[in-house]
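Below is one structure, written out as structure tokens, with a few remarks after it.
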Amino acid sequence: EGVHGGSKVRGVNLGGWLVIEGWIKPSLFDGIPNGDMLDGTQVQFKSVTLQKYVSAENGGGMDISVDRDDASSWETFTLWRVSELEFQFRTTQGQFLTCYGNGCSVSATAKSASSTETFQIERNNNGKVHIKIKSGTYLQATMDSQLTADYPGTPGWDDNAATFEMTIVANNLHGDYQLANGYGHNKAKQVLEKHRNTFLNVGDFEFLYRHGINTVRIPVGWWIAYDPDPPAPFIGGTLEALDNAFSWAEDYSIKCIIDLHAAPGSQNGMEHSASRDGTTGWPTSSDYISQTLHVIDFLASRYAKHPAFLGIELLNEPSAAEVPLDMLVSYYKQGYEVVRKYSPSAYVIICQRIGSADPLELYQADIGSHNLVVDLHYYNLFDTFFVNLSAIDNIQFIYKSREAQLQALNGANGPLVFIGEWVNEWNVTSGSQSEYQDFGRAQLEVYNAASFGWAYWTLKNDRKHWDFEWNIRNNYLRLSSSEKKVFNSLRWLLLASICFYQCQILELVENWI
């Protein structure tokens, strides 16, 4: 069944709950030792004696040299974290640094990582490090610019061949993989259990109901299908939390969209798709796609008959640069048929590719015939075009560009249109409350025209303008229907009172007669 009364979706995303995004709640990562060296962190090393950078020439495939005056991509290595002190180093071409034992020359030739690709890093407080192999022998930069595992003894922190300056170039990934692998299983389980039990509760659904929200879009990760013991390093428990969300939603006549936010291998290389190191592996393996279809089958079979179930989004934000359209369309067609095995009427939602992709490409694909929805994500952010726009410029963009695109898609002969993510935030650094109200009003006015509806990102967030509850409570975002809901409640209360007193008067009259 659709939304009650044939209404459009007026939704809110439950982001940062069952799929971790560190920027939503950064404190989740506060207790990780060496927390600036998580999976996906990019580092560079400079020999203190040679004053040259460690380099994987051509991005990998040959011996490592220590001969570069400046650092760029060849001199940048991506961490795979093994433990608090142990790491594997991946080059830009995907090979791992490897060393077979004492006396070896380090090369960037391994296609996968195991013990011979694992190094231990010792740090001091001044940005200097020592690197040693499993046997305990330290690496050194030789005078002929090689990186070898043969430094004699234990180095100090003075200028010696085994000491390097380490620069952390980027530490941008803070997702489920980084949290679980950073803490280790036992501690990560404690952290995530507490988060899942406290971040949201039934009271949040009561709040949404009171403010006219009729749907929640719930991001989940692929590992939910393997609960309670998903593959390492992921932590079980998301399935029980999702069951709770469905129960709470049913109590308040709210519908649920399950959104597969993180696919095996990652469909976009971002933290919210649980990428280990920023790479996009999902389109590189048919096994990943088969596994994803299994996840859709699991979710559809479990929830298709639930009164609160509205639909499934087959994949969130696949990358236009990494995921070929033909591969994505093939997956969407198969996913549509999987859902239809369990429900003839559930909405099947397909997300446009992010990056340089026109959503019309999905309208031109014959994916499904019934209750198919295309999801667009509208942010006046994440693009240099928006950086210097004023408040008025942002609002005009909503009316001129967003509205025109929605009108074109609404008029197309094909799927319904869903603005599955949007936010009352922009790059305007000193926007007033009234300007935020105008921006929010413009978005609501335009997005209300989407044939399927919209969903705000997100319910709760440490960044206040991204936080739906904060926006409502502080009057930065005004939902007309919330006022209408209060008005309707008062109207029915008034009518009930009138009816009661009319009945009392009639009874008195009858008794008098």
Leu173 versus Met270, closest heavy-atom pair with distance: CD2-C, 4.2 Å

Let me confirm one number: the CG-CG distance from Leu38 to Asn181, rounded to the nearest 0.5 Å. 9.0 Å

Phe397 vs Phe385 aromatic rings, parallel, tilted or perpendicular, using cut-offs 30° and 60°? tilted

Over all heavy atoms of both residues, which pair between Thr91 and Gly59 is shortest? Give the atoms and the distance, please. OG1-O, 2.7 Å

Would you please name every residue forming a side-chain contact (heavy atoms from CB on, under 4.5 Å) with Asn244, sequence neighbours left out? Glu240, Trp248

Quick check for you: to the nearest 0.5 Å, what is the distance between Asn316 atom CG and His261 atom NE2? 4.0 Å

Test the Arg340-Tyr342 pair against the cation-pi criterion, namely NZ or CZ under 6.0 angstrom from the six-membered ring centroid and within 45° of the ring axis. no

Please walk me through it: do Trp426 and Tyr379 pass ring-ring contact (aromatic ring centres under 6.0 Å, His included)? CA-CA 8 Å; Trp426 47 17; Tyr379 292 107; over 10 Å; no

Show your working on side chain to side chain donor-acceptor pair (under 3.5 Å) between Thr280 and Asn268 and close with a plain yes or no. CA-CA 5 Å; Thr280 304; Asn268 55 32; 5.9 Å; no

Could you list the residues that satisfy salt bridge (Lys or Arg N to Asp or Glu O under 4.0 Å) with Asp297, not counting sequence neighbours? Lys341

Within 45° of the six-membered ring axis of Trp80 and under 6.0 Å from that ring's centre, is NZ or CZ of Arg276 located there? yes

Min side-chain heavy-atom separation Val417-Asp375 under 4.5 Å: no

When you measure from the side chain of Ser275 to the backbone of Thr279, do you find a donor-acceptor pair of N or O atoms at a distance under 3.5 Å? yes

Please report the interatomic distance CD(Gln42) to CG(Asn171), rounded to the nearest 0.5 Å. 10.0 Å

Quick check: does any side chain N or O of Asn13 sit under 3.5 Å from a backbone N or O of Tyr456, one acting as donor and the other as acceptor? yes

When you measure from the side chain of Asp229 to the backbone of Gly236, do you find a donor-acceptor pair of N or O atoms at a distance under 3.5 Å? no

Ignoring hydrogens, what is the shortest heavy-atom contact between Phe246 and Cys256? Give both atom names and the distance. CZ-CB, 3.6 Å

Within the side chain of Gln352, is there an N or O that forms a donor-acceptor pair under 3.5 Å with the backbone of Glu317? no

Less than 4.0 angstrom from a charged side-chain N to a carboxylate O is my criterion; do Asp204 and Lys460 meet it? yes

Here the pair of heavy atoms bringing Trp422 nearest to Gln443 is CE3-OE1, 3.4 Å

Testing the basics here: between Tyr436 and Val428, what is the closest heavy-atom pair and its distance to 0.1 Å? OH-O, 4.3 Å

To the nearest 0.5 Å, tell me how far Arg90 CZ sits from Gln88 CD. 10.5 Å

Sub-4.5 Å side-chain heavy-atom contact between Trp470 and Asn424: no

Is the side chain of Glu193 donor-acceptor paired with the backbone N or O of Ala188 at a distance under 3.5 Å, no angle test? no

Would you say the side-chain atoms of Tyr336 pair up with the backbone N or O of Ser369, donor to acceptor, closer than 3.5 Å? yes

Who are the salt bridge (Lys or Arg N to Asp or Glu O under 4.0 Å) partners of Asp358, not counting sequence neighbours? none

Tell me if the centroids of the rings in His294 and Tyr226 come within less than 6.0 Å of each other. yes

Just by modelled atom types, is the Met37 backbone N or O under 3.5 Å from a matching donor or acceptor in the Arg81 side chain? yes

Heavy atoms, side chains only, cut-off 4.5 Å: are Ile258 and Arg217 in contact? no

Do the side chains of Leu315 and Cys351 get nearer than 4.5 Å, heavy atoms only? no

Measure the acute angle between the ring planes of Phe29 and His174, then classify it against the limits of 30° and 60° as parallel, tilted or perpendicular. perpendicular

Do you know which of Asp393, Asn394, Asn427 makes side chain to side chain donor-acceptor pair (under 3.5 Å) with Asn380? Asn394

Tyr183 side-chain N/O to Gly31 backbone N/O, donor-acceptor pair under 3.5 Å: yes

Side chains of Tyr303 and Asp243: do they bring a donor and an acceptor to under 3.5 Å? yes

Quick one: does Lys255's side chain have a donor or acceptor within less than 3.5 Å of a partner on Pro307's backbone? yes

Taking the side chain as everything from C-beta on, heavy atoms only, tell me whether Leu406 gets closer than 4.5 Å to Tyr447. yes

With ring centroids as reference points, do Phe298 and Trp222 lie under 6.0 angstrom apart? no

Should the heavy atoms of other residues, nucleotides or ligands under 6.0 Å from NZ of Lys25 be counted, would the total exceed 12? yes

Which pair of heavy atoms, one from Phe234 and one from Ala274, lies closest together, and at what distance? CE2-CB, 3.9 Å

List the steps, then state whether salt bridge (Lys or Arg N to Asp or Glu O under 4.0 Å) holds for Asp366 with Lys333. CA-CA 8 Å; Asp366 183 18; Lys333 288 181 177 180; 5.8 Å; no

Any heavy-atom pair between the side chains of Ile257 and Ile218 that's under 4.5 Å? no

Quick one: does Trp457's side chain get under 4.5 Å of His377's, heavy atoms only? no

For the CG atom of Asn471 and the OH atom of Tyr476, what is their distance to the nearest 0.5 Å? 9.0 Å

Tell me if the CG atom of Asn475 is crowded by more than 12 foreign heavy atoms within 6.0 Å. yes

Salt-bridge test for Arg441 and Asp438: reply yes if a basic N is under 4.0 Å from a carboxylate O, no otherwise. yes

Is any NZ, NE, NH1 or NH2 atom of the basic residue among Glu361 and Arg353 found under 4.0 Å from an Asp or Glu carboxylate oxygen of the other? yes

Leu381, CG atom: more than 12 neighbouring heavy atoms under 6.0 Å: yes

Mind running side chain to side chain donor-acceptor pair (under 3.5 Å) on Trp466 and Thr458 for me, showing each step along the way? CA-CA 6 Å; Trp466 291 80; Thr458 180; over 6 Å; no

Judged by modelled atom types alone, do Ser330 and Gln334 share a side-chain donor-acceptor pair under 3.5 Å? yes

Say you draw a straight line from CD of Gln396 to OG of Ser390; how long is it, rounded to the nearest 0.5 Å? 7.5 Å

Without swapping roles, check the side chain of Ser343 against the backbone of Ala304 for a donor-acceptor pair under 3.5 Å. no

Between Asp39 and Asp277, is there a side-chain heavy-atom distance shorter than 4.5 Å? no

